[in-house]
Amino acid sequence: METRQLGKSAVQITPIILGTWQAGKRNWTDINDQEIVAGIRAAVEAGMTTIDTAEIYGDGDAERRVAEAIAPQRDQVTLLTKVFANHLHHDQVITACENSLKRLQTDYIDLYQIHWPAGSWNSDLVPIEETMAALNQLKEQGKIRAIGVSNFSLAQLQEAMEHGQIDSIQPPYSLFWRTIERDIQPFCAAQQISILAYSSLAQGFLTGKFGPEHQFAEGDHRSHNRLYADPENYQRVQTALGQLQPIAEAKNCSLGQLAISWLIRQPQTQAIVGARNPQQAIANAQAINVQLNQTELGAIDQIGRIVTDNLDADPLLWNW
């Protein structure tokens, strides 16, 4: 798989990135550790050599699964992880990074990201200058190669940039969730900041596997997804999927592969996609082979607006 430059850094990333929230198990159901590890290995073998994780995913369990899967081939993989909002004081950032390095069984992290802004999830309101000072220190020491942010507004991103180089932002972004197109995406395109889109399949809704009467298992966080929790939104999702299906059939690909292919052709955008097992990982990686011309991209864009034109400006994907 081709690689792209991460922001203005020397780090190279794949257009399709393996996400590992599922590997931590929390807020997910029916997750098997062996299948997760096999899925990570299959993704790497299929060319998806960039892996995104976080300390909060299962309190480090996702990082441990990643290490188990890729330890023998660390030099072939680009590792991205995140520090959570409750660890943004200077010394907490340093300690959190050291712990992630140990769990990932590596001596450097390619991209270290602030997972949520200070103050999120009842965390302390730490000045961004303090957090960035720690991140810049880690970068100078070679423990991290680049700095990114996640779930930041444009104003928060701009403030962070006053204190150091920011090479990426990680927001929710998909054909069915496009709030960043209002301001963040144009800014990132102008500033050469990479967009690492999470929930790039709208948490599975863009695969078409959840029908009109679908009920999520108890404990599955997707029941709180605003595309599902609001019956009118969910009906629009089903309508849009029905119109996307003929395009996917014509391209000889799945709905999910079509959605990924559309997303990685948006300005500055890479798609983070999770996988429970090797089959899902390989299918996601194969989206790189789906070619779309401008007419097809425009048609897909308009179908997606059946959903997004009826959403408000709140960037948060869930009703929590």
Side-chain angles (χ1 to χ4, degrees), residues 1-7 9-24 36-37 39-57 62-63 65-67 69-70 73-74 76-82 100 104 106 109-115 144-151 166-175 177 180 185 188 193-204 206-207 256-257 259-278 280-290 317:
M1 192 180 294
E2 66 179 22
T3 59
R4 300 171 174 177
Q5 183 180 6
L6 175 73
S9 76
V11 178
Q12 292 289 311
I13 56 174
T14 48
I16 306 173
I17 297 168
L18 179 66
T20 61
W21 185 7
Q22 297 98 319
I36 286 288
V37 170
I40 295 170
R41 290 173 177 163
V44 173
E45 291 172 6
M48 202 189 308
T49 55
T50 304
I51 301 174
D52 180 75
T53 189
E55 65 166 353
I56 197 65
Y57 297 164
E63 290 179 325
R65 297 293 80 74
V66 170
I70 62 95
Q73 50 190 153
R74 169 65 182 96
Q76 301 174 36
V77 173
T78 301
L79 283 180
L80 326 178
T81 194
K82 312 179 198 75
S100 285
L104 288 165
T106 184
I109 292 163
D110 294 286
L111 174 67
Y112 200 41
Q113 305 156 90
I114 303 172
H115 201 156
I144 66 176
R145 298 178 64 201
I147 299 168
V149 297
S150 177
N151 297 298
I166 302 296
D167 285 305
S168 68
I169 186 168
Q170 188 174 142
Y173 184 31
S174 72
L175 183 61
W177 198 266
I180 71 160
Q185 189 173 66
C188 289
I193 296 171
S194 294
I195 296 169
L196 312 181
Y198 76 77
S199 294
S200 58
L201 289 176
Q203 298 205 291
L206 272 161
T207 67
Q257 290 167 336
I260 295 169
S261 181
W262 176 86
L263 189 60
I264 63 175
R265 286 168 172 79
Q266 304 313 301
Q268 288 295 112
T269 302
Q270 288 66 227
I272 299 175
V273 190
R276 293 170 175 264
N277 53 53
Q280 288 184 353
I282 293 167
N284 291 337
Q286 290 173 341
I288 199 71
N289 299 319
V290 179
L317 193 54

Q: Any chance you could measure Ile36, atom CD1, to Asn277, atom CG, to the nearest 0.5 Å?
A: 8.0 Å
Q.
I need the minimum non-hydrogen distance between Pro172 and Ile180, along with the two atoms involved.
A. O-CG2, 4.1 Å
Q | Distance, nearest 0.5 Å, that separates OG1 of Thr53 from CD1 of Ile17 | A | 13.0 Å
Q. Does the side chain of Thr20 reach to within under 4.5 Å of the side chain of Arg65, using non-hydrogen atoms?
A. no
Q) Do you know which two heavy atoms are closest between Ala197 and Ser200, and how far apart they sit? A) O-CB, 3.9 Å
Q | Side chain Gln113, main chain Val149, donor-acceptor under 3.5 Å | A | no
Q) Quick one: CD1 on Ile147 to CG on Asp167, what's the gap to the nearest 0.5 Å? A) 8.0 Å
**Q.** Where Thr49 and Val44 come nearest, the two heavy atoms and their spacing
**A.** CG2-O, 3.9 Å
Q.
Are Ile195 and Ile169 packed together at the side-chain level, in the sense that at least one heavy-atom pair is separated by less than 4.5 angstrom?
A. yes
(Q) For Ser174 versus Leu263, what's the shortest heavy-atom pair and its separation? (A) CA-CD1, 4.2 Å
Q: Heavy atoms only: give me the nearest Gln170-Ser150 pair and the separation to one decimal.
A: O-OG, 3.1 Å
**Q.** Pairing residues for Arg265 by the salt bridge (charged side-chain N to carboxylate O under 4.0 Å, His left out) criterion, not counting sequence neighbours
**A.** none
Q.
Tell me whether Gln257 contacts the main-chain N or O of Ala283 through its side chain, where contact means a donor paired with an acceptor under 3.5 Å.
A. yes
Q: Determine yes or no for a side-chain-to-main-chain donor-acceptor pair under 3.5 angstrom, with Ser261 supplying the side chain and Val290 the backbone.
A: yes
Q | Side chains of Val11 and Leu80 in contact at under 4.5 Å (non-hydrogen atoms) | A | no
Q) Which distance, rounded to the nearest 0.5 Å, do you find between the OG of Ser100 and the NZ of Lys82? A) 10.0 Å
Q) How about Leu111 and Leu196: do any of their side-chain heavy atoms sit closer than 4.5 Å? A) yes
Q | Interatomic distance, Ile272 atom CD1 to Leu201 atom CG [nearest 0.5 angstrom] | A | 11.5 Å
Q: Answer whether the closest heavy-atom distance between the side chains of Arg74 and Leu104 falls below 4.5 Å.
A: no
**Q.** Smallest separation among heavy atoms of Gln12 and Thr78, with atom names
**A.** O-OG1, 3.1 Å
Q) What's the spacing between Ile16 CD1 and Glu2 CD if we round to 0.5 Å? A) 9.0 Å
Q: Describe, in one word, how the ring planes of His115 and Tyr57 are oriented to each other, choosing from parallel (under 30°), tilted (30 to 60°) and perpendicular (over 60°).
A: perpendicular
Q: State, yes or no, whether a side-chain contact exists between Trp177 and Gln203 at a heavy-atom distance under 4.5 Å.
A: no
**Q.** pair Glu55-Glu63: side-chain heavy atoms closer than 4.5 Å
**A.** yes
Q) So, does Arg4 use its side chain to make a donor-acceptor pair with the main chain of Pro15 at under 3.5 Å? A) no
Q: Starting from the C-alpha separation in whole Å, work towards a yes-or-no answer on side-chain hydrogen bond (donor to acceptor under 3.5 Å, both in side chains) for Thr14 and Thr50.
A: CA-CA 6 Å; Thr14 48; Thr50 304; 3.1 Å; yes
Q) Can you list the steps and then say if Gln270 with Asp52 is a side-chain contact (heavy atoms from CB on, under 4.5 Å)? A) CA-CA 12 Å; Gln270 288 66 227; Asp52 180 75; over 6 Å; no
